[in-house]
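Below is one structure, written out as structure tokens; comments come after it.
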Amino acid sequence: MINENLILETINMIKLHKLDIRTVTMAISLRDCMDSDCDKVCENIYNKITKYAKNLVEYANEFENDYSIPIVNKRISVTPISIIGESCKNPDYVKIAKTLDKAAKDVGVNFIGGFSALVEKGCTKGDKLLIESIPEALAQTERLCSSVNVATSKAGINMDAVLKMAEMIKKSAELTKDKDGLGAAKLVVFCNSAGDNPFMAGAFCGYGEPECALNVGVSGPGVVRAAIEALKPDDSLSTLANKIKQIAYKITTTGELVGRKLAKKLDIPFGVIDLSLAPTPAEGDSVAGIFQAMGLEHAGAHGTTAALAMLNDAVKKGGIMASSHVGGLSGAFIPVSEDAGMIEAAEKGHLTFDKLEAMTSVCSVGLDMIAIAGDTPVDTIAGIIADEMAIGMINKKTTAVRIIPVPDKNVGDEVVFGGLLGKAPVMPVSNLSSSAFVRRGGRIPAPIHSLNN
């Protein structure tokens, strides 16, 4: 039977509380694009992407209109390019990057991810060449995103790669100085990266993924906040957690429906639903706003980490019951520049760098879209990355660092990236030196609980 209340609830979720499908991401394996000739590799990559993704945007727009559910981003992820380029006798990774960017532009997607390398135990020749090319590649493209995995709970932390990535972040920002260091906003360093993640900048098509699949990321911070605000002020935290689970179930059901139908029309397998609450700078679409609805004065107050832990867990528990295949990152994102409430908290000094780091121990990703002063030393950035990788390694979870050392900007200045990337205040970091530690090199060994075979 048709339930009028359920219909009205869904309409309100979309129209009033900004429920949307944040992304449909087509994952494409490029393993059969390898060749000893770099020009041939580029040709193979372009032809394969345009073959599989030629209808992605058109069909996604049709479903958006048919179901009146916004699909905010249409994206592509590909096999880590360090692997593909390594087959070339004389690999030119910047040329491959430009090919990926052109293919993304020609099929009309917002971003393409997979300019990536997995180096948690060490680097091959291809890995080294790709990493060295990242700053130039990001500076010369518009839609390309890059990620490098430098740690896992099984392998430990590759500190040589950590230091190198700190250098690449700094250089990426400098080469895009005219855009407030935007290149660094499209570059992320991971621990325990996921090969089916549909969210940028860290999306890539894992080596064990199928030829092509559609992964969907759903989002609805505004819906969750509205549901919590509808509860009584004295309702217990158990009641609150159950309400979040119920809402997460409904949000995920929407993504599952659209994802499966879109995958069927594209004639490719449906991959996973990523249950992440991904905020935007738009008013009412904030994870930080959920904390306030829970009873905290602002994000950053004592209790914020506990509130985030409960939110993350409830979202997963509710969403997993609504989907056959859950994957990606799943939980709650806490990017500073992409969340209006987080921006306000950082501007007012309620949210410090140390508090953000503590929150990453229980959120879905890590230190995300944080602007720091452009003159921050490379060694300090390496120390920040190492700390975050340690949190992921010890807790057997995905953590990441997407940090922007904004050229010519200092603490207290504001940087504006625009669109979904939003704006952010330049936040202070420790002035204490990490140099002697991060420059020791080698690997931080994996924790004892990694020996679990």
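Excluded from the calculations below are hydrogen atoms, water molecules and symmetry mates; all remaining heavy atoms, backbone and side chain alike, are included. Nothing fancy with the numbering, it's 1 onward along the sequence.
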**Q.** Check: Ser361 main-chain N/O paired with Asn395 side-chain donor or acceptor under 3.5 Å
**A.** no
OG1 of Thr398 to CG of Asn192, rounded to nearest 0.5 Å, is 5.5 Å
Exercise. Can you check whether Leu275's main-chain N or O pairs, donor with acceptor, with Ser330's side chain at less than 3.5 Å?
Worked result: yes
For Phe291, the ring pair (Phe, Tyr, Trp, His ring centres under 6.0 Å) test, sequence neighbours excluded, returns none
**Asked** When you check the side-chain N and O atoms of Asp339 and Ser286, is any donor under 3.5 Å from an acceptor?
**Response** yes
Does Glu120 come within less than 4.0 Å of Arg443, counting only side-chain N to carboxylate O?
no
### Minimum side-chain heavy-atom gap Phe190-Val150 below 4.5 Å
no
Basic-acidic side-chain contact under 4.0 Å: Glu142, Lys105: no
Closest non-hydrogen atoms of Met321 and Lys317, given as atom of the first, atom of the second and distance, are CG-O, 3.6 Å
Exercise. Can you find a heavy atom in the side chain of Met200 that is under 4.5 Å from one in the side chain of Cys145?
Worked result: yes
**Crowding at CG, Asn431 (>12 non-hydrogen neighbours, <6.0 Å)** = no
Got a donor-acceptor contact below 3.5 angstrom from the Glu64 side chain to the Ile71 backbone?
yes
Shortest non-hydrogen pair, Ile385 vs Ile169, comes out as CD1-CD1, 3.9 Å
Heavy-atom closest pair (Val336 atom, Ala346 atom, distance to 0.1 Å) is CG1-CB, 4.2 Å
| query | Are Arg402 and Glu388 close enough for a salt bridge, meaning some N to O gap below 4.0 Å? | reply | no
(request) Look at the side chain of Asn312 and the backbone N and O of Ala332, then say whether any donor-acceptor pair between them is shorter than 3.5 Å. (result) yes
OG of Ser337 to CD1 of Ile370, rounded to nearest 0.5 Å, is 9.5 Å
What one should report as the nearest heavy-atom pair of Val216 and Gly255 is CG1-O, 4.1 Å
Q. Taking everything shown except Lys121 itself, do over 12 heavy atoms lie less than 6.0 Å from its NZ?
A. no
task: Determine whether Ser430 and Thr380 make a side-chain contact, defined as any pair of heavy atoms from C-beta on separated by less than 4.5 Å.
output: no
Notebook entry, point to check: With side chains defined as the heavy atoms from C-beta onward, is the minimum distance between Phe417 and Lys179 less than 4.5 Å?
Noted result: no
(request) Report yes if the side chains of Ile372 and Val406 come closer than 4.5 Å at any heavy-atom pair, otherwise no. (result) no
When rounded to the nearest 0.5 Å, the distance separating CD1 of Ile28 from OG of Ser77 is 7.5 Å
Exercise. In sequence, state the C-alpha distance, the side-chain angles, and the governing distance for Leu351 and Met359, and then conclude on side chain to side chain contact (heavy atoms under 4.5 Å, CB included).
Key: CA-CA 11 Å; Leu351 200 59; Met359 291 165 66; 4.1 Å; yes
- Do side-chain atoms of Asp196 reach the backbone of Cys205 as a donor and acceptor pair under 3.5 angstrom? no
The side-chain contact (heavy atoms from CB on, under 4.5 Å) partner of Lys74 among Val24, Thr23, Val107 is Val24
Tested for side-chain contact (heavy atoms from CB on, under 4.5 Å) against Val218, the lone hit among Leu277, Val258, Ile69, Ile251 is Ile251
For His298, the ring pair (Phe, Tyr, Trp, His ring centres under 6.0 Å) test, sequence neighbours excluded, returns His350
> Taking the side chain from Asp274 and the backbone from Leu329, do they hold a donor-acceptor pair closer than 3.5 Å?
Replying inline: yes
>> Working note: Thr399 + Lys397, criterion side chain to side chain contact (heavy atoms under 4.5 Å, CB included); need CA distance, chi angles, decisive distance, verdict.
In response: CA-CA 6 Å; Thr399 53; Lys397 69 184 291 293; 3.7 Å; yes
Counting only heavy atoms from other residues, nucleotides and ligands, does the tally under 6.0 Å from NE2 of His302 exceed 12? no
Quiz question: by atom type and distance under 3.5 Å, do the side chains of Ser116 and Ser147 form a donor-acceptor pair?
yes
Checklist entry - Between Ile228 and Ile290, is any pair of side-chain heavy atoms under 4.5 Å apart? => result yes
Can you confirm whether Lys355 is buried at NZ, in the sense that more than 12 heavy atoms of other residues, nucleotides or ligands lie under 6.0 Å from that atom? yes
To the nearest 0.5 Å, atom CG of Asp127 lies from atom OG of Ser82 at 4.0 Å
Check your understanding: Just wondering, are more than 12 heavy atoms of other shown residues or ligands nearer than 6.0 Å to CG in Leu257?
Key -> yes
Q: Would you sort out whether Leu240 and Met310 count as a side chain to side chain contact (heavy atoms under 4.5 Å, CB included), showing the intermediate values?
A: CA-CA 9 Å; Leu240 193 153; Met310 188 182 77; 3.1 Å; yes
Hits for salt bridge (charged side-chain N to carboxylate O under 4.0 Å, His left out) against Glu229, two or more places apart or cross-chain, chain-then-number order -> Arg225
Next on the checklist: If we ignore hydrogens and angles and just use 3.5 Å, is the side chain of Lys409 paired with the main-chain N or O of Glu414 as donor and acceptor?
Outcome noted: yes
To the nearest 0.5 Å, atom CE of Met427 lies from atom OG1 of Thr376 at 12.0 Å
Taking atom NZ of Lys316 as the centre, report whether more than 12 heavy atoms of other residues, nucleotides or ligands fall under 6.0 Å from it. yes
When you measure from the side chain of Thr360 to the backbone of Glu357, do you find a donor-acceptor pair of N or O atoms at a distance under 3.5 Å?
yes
Taking the six-membered ring for Trp, are Phe199 and Phe333 ring centroids under 6.0 Å apart?
yes
- Message: Taking NZ in Lys177 as the centre, count heavy atoms belonging to other residues, nucleotides or ligands within less than 6.0 Å. Is the count above 12?
- Response: no
Working note: Glu58 + Glu62, criterion side chain to side chain contact (heavy atoms under 4.5 Å, CB included); need CA distance, chi angles, decisive distance, verdict. CA-CA 6 Å; Glu58 178 187 350; Glu62 287 180 9; 3.6 Å; yes
Does any part of the side chain of Leu30, heavy atoms only, come nearer than 4.5 Å to the side chain of Ile81, both counted from C-beta? yes
Between Lys164 and Asp160, is the closest basic N to carboxylate O distance under 4.0 Å? no
Notebook entry, point to check: Does a side-chain heavy-atom distance below 4.5 Å link Val224 with Leu311?
Noted result: yes
Has Lys170 got a side-chain atom pairing as donor or acceptor with Gly374's backbone, closer than 3.5 angstrom? yes
One should read off an interatomic distance between Thr152 OG1 and Leu118 CG, to the nearest 0.5 angstrom, of 10.0 Å
Partner of Met165 under side-chain contact (heavy atoms from CB on, under 4.5 Å), picked from Val188, Val148, Ile381, Asn158, is Val148
### Query
Does any N or O in the side chain of Ser146 come within less than 3.5 Å of the main-chain N or O of Phe115, such that one atom is a donor and the other an acceptor?
yes
Does a donor on one side chain and an acceptor on the other come within less than 3.5 Å for Ser193 and Asn149? yes
Nearest heavy-atom approach of Ala382 to Val162 is O-CG1, 3.3 Å
Checklist line | Carboxylate-amine/guanidinium proximity below 4.0 Å for Glu344 and Lys348 | finding: yes
Here the pair of heavy atoms bringing Ala161 nearest to Val119 is CB-CG2, 3.7 Å
